[in-house]
Amino acid sequence: MKIVGILLILLFCFESKSNINFNAKSTTLENGLKLIVVENSRAPVVAQMMWYNFGSNIEQRGKSGLAHFMEHLMFKGTKKYPKSYFSDYISKIGGSENAFTSYDYTAYYQIFPKQHVEKIIELEADRMKNLTLTQKNVEIEKKVILEERFQRIESDPSAQLDESMRTVLFPNDYYGRPIIGWKHEIENLSFDNVMEFYKENYNPSNAILVLSGDIKFKNAKKLVNKYYKFIKPGKKLNLKKLNNPDLKTSTNVELRNENVKQQIWKRIYRTKSYNESITKAIALDLGMKILAGGTSSLLYEEFVNKKKLFSMVGGFFQGLTKGNGYIYFYAIPNKKIEQNEISELLDKFIAQAIEKGVTEEKLILEKKKYYYDSIYGMDGILKPAEIIGEALTIGLTINDIENWNYKLDEINLEMVKKELKEFSKNYNFVTGNLRN
Amino acid sequence: MKLIFLFFLLIFKNLEAFEYQNLKTKSGIEFWFVEDKSIPIVSVSFSFKGGSSIDTSDKNGISNLMTSLLDEGTRNLTSDQFKNEMKMKGMKLSFSTQKDKIDGVFQIISSQAKEGFELFYEAVNHPSFNEVDIERVKRQLISSIKIDESDLSTLASNKFNYHFFKDHVFSKNIKGSIDSIKNITKFDLVDFHKRSIARNNLIIGVAGNVNVSQIKKYIELVFGELKNNKEIHSIQKFKSLSIGEKIFEMKTPQTSVLFGHPGLERKNENFFALRIANYILGGGGFQSRLYKNIREKKGLVYSIYSYLLSYENDGVIVGGFQTRNMSVFETIQNVKKEWKKIYSRGITKQELDNAKAYFNGSFTRNFTSTLSIARLLQVVQYYDLGANYFSKREKIINSLDLEKVNNVIAKYFSNEKLFFMIVGQPES
């Protein structure tokens, strides 16, 4: 039961002329439920992930935190399997489980010995429609969620700064609202709000079920059909895309807190997403890796190794989003430096680095790493379910995932530079500073 | 166009069929190995006994600084070149210092195994320890210590170790202090590397797509040149753990509380009984008494847990939660109540049966990736659980009856031995 900002920064990617894929099999039930199966019988274990293609994005104004609240309440039991029956069952069979809510999706998962697969499928299907919530459940869980907010945000100055920066960057849509919700709005969420949200959105037509591990597609299809076919399709979400206005002002946000012992500089940009163009997004991602990824990036080389101004500096692109993607940068100075001075240093260097530092050689290296990471992503059973579930909920297709390599093949240095230049001229950003 | 299809074959049908090989290299290095052809990856999990517990006394943090430098270049390659080589080969290498050991993970794409293991050899045997890299990593560690001091839960954890373990070596911060780090020289690091990266402290588990004769050669290459160290890295028993409460005041809306209690060493015959007791009291999942009674029924916390920290010669039970300043003492009272309840009344037959079923069922989850298999092989050797542990484990669990477990609980649990570290602004 947690909140994710970025689940998979790195989707996965391939080297020229070779292809690795999940060999995923899929079908759609009449009620709209999508089923994806990744067969992998190396160990007698199955991972089930239920992905709903909505998160905090569908909350009405004034009801922030409702999707995440609902996620917590999904563990409270049904008429047939009351109270903590589901969780107790998972424990008893030696399984593990959790759930998470993001802006664009909500997901529930269990990993368990394969002989229990039918029962686990039944239990997940059962709680899609049959929750029996009480006023008391809602009131107590609200206290838990407020403690969660206090733990994650109010006692963490760095998280407060991030929250504040996002409100500036996304003034007109849900990316500017915290997933967990504002404190004053969580306090006002009611039993009726929750029930309405549940009935309206928890439907087969908004759901994608991924099974990964020691289960055959044929058997999975039979079992899923058995437990879901009687559930009515429900109302399919029809999301209207909201855009944010271009920012005409430069905005510096600063958070001062006496407990902060180390200054941190941050910046977030609004960018494109994989939904707009997979090829362009991969090019941007590769470019960002060369510029700011890890401890051999151009930024690291310049400011950590050469100039010795920062102990760390880096950044990444996250574009697995329904709406805008974003780019995040941070710098940790060795000595106190003014926020504007850091901004100027980085702006100047990035403009130069895109011209001179982004080379064919570095691109080849990052492409290789992408390819190898895709192999590592297959060593396990939960990871494939995560990659597929996240991609599908934000609007990509199985084909997009399985054929990622062809897109990668198209990318050359020119395209990478073009994407980087475009982002470096982007004025939709906000700069943050954390200090005492 | 080349197509690589991954066929995941059934390898570990059940636990009885789980077979590993106990191998020995030419110069006599022993390691446990599982060949797994389902994916083109080789994973090595290894550790060296010692860790921060053998830090030189005025150079706290030296083990952590040393391990942080092991992927920062070799005698032939600068830090940058080394990192690029790793990317080129699809190699992953990381080291981390723990209180009682140095843990390491190496992974390589099978087709690059030879070059990968050669790089691995260079990193382990010939790290460069260049002044410029030492200075950079020192600056990074100093920043990270400052960030830890600003972070409520990390600060609470460091305060807890300091006060709970008192004069024991475990009271020290693994990262050391800003002053102690500044004090460490290149000479110290070279010397500490010899002391800690030693043959007789080494434990290795391997899983993945490589055959027996190859992996024996690779392990010999990487570790074969290491010398024995005469020092015996044995960790003292915890003679005087703190009890009661300690408060550290800090202006924050929520208070972080960590608690500790004596436990058992991993090899103790009662270890599994205690593990079951802890699972029921505050262990994983959403089923524990602490979770159900303090989170689910009362809504006092978002997260509350306890776990066993078991070492070679001794162990402790550690737990924690965060709650708003006004409910700190109420939550502590509830933890004490659950503690008292378990040792005065024990656990029920139903709880015992559920816990046994959990531990029997959860073990197969270790077999889902090459890395988790390699880790398991390494850990079983580290704690010297025996060559037959995989077949023995289920018997150990099933032999525990209610009387046995409740006797162990009555013997070891006590409210008198609990210690609470409170960091924040608790309101009474």
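The structure displayed is predicted, hence computed values, not measured ones. Note on naming: letters A, B, ... go to the chains in the order of the sequence lines (proteins, then strands), and numbering restarts at 1 for each one.
Using a 4.5 Å cut-off between heavy atoms, B:Glu135 makes no contact with chain A at all. For B:Met88, the parts lying near chain A are the backbone and the side chain together; criterion is any non-hydrogen pair under 4.5 Å. Of the atoms belonging to B:Tyr279, it is side-chain heavy atoms, and not backbone ones, that fall under 4.5 Å from chain A. Residue contact with chain A, scored on non-hydrogen atoms closer than 4.5 Å, involves the backbone of B:Lys298 exclusively. Both the backbone and the side chain of A:Thr295 have a heavy atom closer than 4.5 Å to some heavy atom of chain B. Interface residue B:Ile41: only side-chain heavy atoms are found under 4.5 Å from chain A. A:Val45 touches chain B through its side chain: at least one heavy atom from C-beta onward sits under 4.5 Å away, while N, CA, C and O do not.
Here the rule is side chain to side chain contact (heavy atoms under 4.5 Å, CB included) with B:Lys87, and of A:Glu366, A:Lys368, A:Lys362 only A:Glu366 fits it.
Under a 4.0 Å N-O distance rule, the pair A:Asp373/B:Lys92 qualifies as a salt bridge. A:Glu148 has no carboxylate O lying under 4.0 Å from a charged side-chain N of B:Arg295, or vice versa, which leaves the two without a salt bridge.
Side chains of B:Arg139 and A:Ser311: a donor-acceptor N/O pair is absent below 3.5 angstrom, by distance only. Checking A:Glu147 against B:Gln254 by side-chain atom types alone, a donor-acceptor pair falls below 3.5 Å. There is a side-chain donor-acceptor pair under 3.5 Å between B:Tyr302 and A:Arg152.
Relative to the ring axis of B:Tyr358, A:Lys92 does not place its NZ or CZ within 45° and under 6.0 Å from the centre.
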- Task: Kindly determine whether B:Asn84 and A:Leu365 satisfy side chain to side chain contact (heavy atoms under 4.5 Å, CB included), including the steps that lead there.
- Result: CA-CA 8 Å; B:Asn84 283 344; A:Leu365 209 59; 3.3 Å; yes
- Message: Run B:Ile109 and A:Tyr376 through side chain to side chain contact (heavy atoms under 4.5 Å, CB included) and show every step you take.
- Response: CA-CA 8 Å; B:Ile109 301 294; A:Tyr376 284 113; 3.9 Å; yes
- Item | Step-by-step salt bridge (charged side-chain N to carboxylate O under 4.0 Å, His left out) determination, B:Asp151 to A:Lys261 | CA-CA 9 Å; B:Asp151 179 68; A:Lys261 304 284 192 293; over 6 Å; no
- Message: For a side chain to side chain contact (heavy atoms under 4.5 Å, CB included) check, start with the C-alpha distance between B:Asn354 and A:Ser91, then their side-chain angles and the critical distance, and finish with the verdict.
- Response: CA-CA 8 Å; B:Asn354 289 348; A:Ser91 295; over 6 Å; no
- Stepwise side chain to side chain contact (heavy atoms under 4.5 Å, CB included) test for A:Glu301 and B:Asp80: CA-CA 9 Å; A:Glu301 176 62 29; B:Asp80 234 30; 3.4 Å; yes
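Formation of a donor-acceptor pair under 3.5 Å by the B:Gln140 side chain with backbone atoms of A:Met312 is not found in this model. No donor-acceptor pair under 3.5 Å is formed between the side chain of A:Asn259 and the backbone N or O of B:Ser150. Listed for the A:Arg42 side chain is no donor-acceptor partner under 3.5 Å among the backbone atoms of B:Asp36.
Two residues are said to be in side-chain contact when any heavy atoms from C-beta on lie closer than 4.5 Å; A:Asp88 and B:Lys292 meet this criterion.
The two residues A:Lys143 and B:Gly299 make their nearest non-hydrogen contact at CB-O, 3.4 Å. Nearest heavy atoms, A:Ile375 versus B:Ile39: O-CD1, 3.8 Å. For the residue pair B:Lys297 and A:Ile140, the shortest heavy atom distance occurs at O-CD1, 3.2 Å. The two atoms that bring B:Thr364 and A:Pro44 nearest to each other are CG2-CG, 4.1 Å, heavy atoms only.
Evaluation of the side-chain hydrogen bond (donor to acceptor under 3.5 Å, both in side chains) rule for B:Ser68 yields no partner, not counting sequence neighbours.
Ranked by heavy-atom pairs shorter than 4.5 Å toward chain A, the options B:Val137, B:Thr323, B:Val132 are led by B:Thr323.
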